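Counting starts at 1 for both ligands and their atoms, in listed order. Nothing fancy with the numbering, it's 1 onward along the sequence. As the structure is a computational prediction, the values presented were derived from the model and not from experiment.
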Amino acid sequence: MSDSSRPTPPSAHVRMPGDGWVNCRCGNKHWGLNGAAGLFLARKNSRGEWSDVVLQHRALWSHQGGTWGIPGGALMDGETAHDAAVREAHEEAGIDKAHVVRLGSHVFSHADWSYTTIIAESTDPHMRVHPTDAESLEIQWVPLTNIVAALNSQHPDLRLLPAFAHAFPSLYAVLKNSTH
Ligand SMILES: [Zn+2]
């Protein structure tokens with residue numbers, strides 16, 4: 001990242017019903033008046049082993065910008081967590097839901113807010129992902145081995161979003177237990 005200009009939100013960012021901060025009784029503020037959701041999309045290598053997941057390098061102006069997490073965002077009014085996760089993955093990373101097969105879900109519940117991760121497989125091993133809006137510096141297939149190394153402080157270039165790092169072992173377990 002060589003751009004030294006001060007990061008600012010894009011002026012075209014449209015606020016949707018559901019966008020906003022929640023003052024949670026846990027003492028923190030969380031994004032998403034109806035909660036938030038994200039897509040943990042994995043693919044297998046040619047040997048049939050889980051190999052990579054789609055990660056988003058978060059724009060510097062965003063909350064905890066510069067870290068890597070999964071595509072996701074706030075639930076719109078009346079929207080399910082699954083629909084929100086798939087919608088955000090399409091808006092942010094160009095992910096086509098036709099190639100997304102759900103394997104499970106993981107909910108991180110707070111007193112006044114929750115974050116639901118949809119764990120899914122990409123049925124297209126050659127699916128190309130790329131930033132499709134201003135919320136990302138990069139969108140990439142990242143090897144699971146790199147994420148594990150980052151969790152063990154052995155990959156200084158891959159700085160994980162703290163909430164994602166915290167949830168990762170549970171998300172990975174869903175993958176490994178999947179008989180799909
Ligand atoms: Zn909270």
If we only count heavy atoms from C-beta on, is the [X] to [Y] side-chain gap below 4.5 Å?
X	Y	value
N23	K29	yes
N28	W113	no
F168	L160	no

For this session: Check L75, D19, V22 against N34 for a side-chain contact (heavy atoms from CB on, under 4.5 Å) and give me the one that passes.
Result: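 Single side-chain contact (heavy atoms from CB on, under 4.5 Å) partner of N34 among L75, D19, V22: L75.
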Exercise. Can you name the one residue among L41, L39, T117 that meets side-chain contact (heavy atoms from CB on, under 4.5 Å) with I70?
Worked result: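 Only match with I70 under side-chain contact (heavy atoms from CB on, under 4.5 Å): T117.
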Problem set entry | Residue and atom names of protein N/O/S atoms that fall under 2.8 Å from the Zn ion (ligand 1) |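 You should have found C24 SG, C26 SG, H30 NE2, H110 ND1.
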For this session: Report, as yes or no, whether the 6.0 Å neighbourhood of atom CZ on R102 holds more than 12 heavy atoms from other residues, nucleotides or ligands.
Result: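 Correct, the count exceeds 12.
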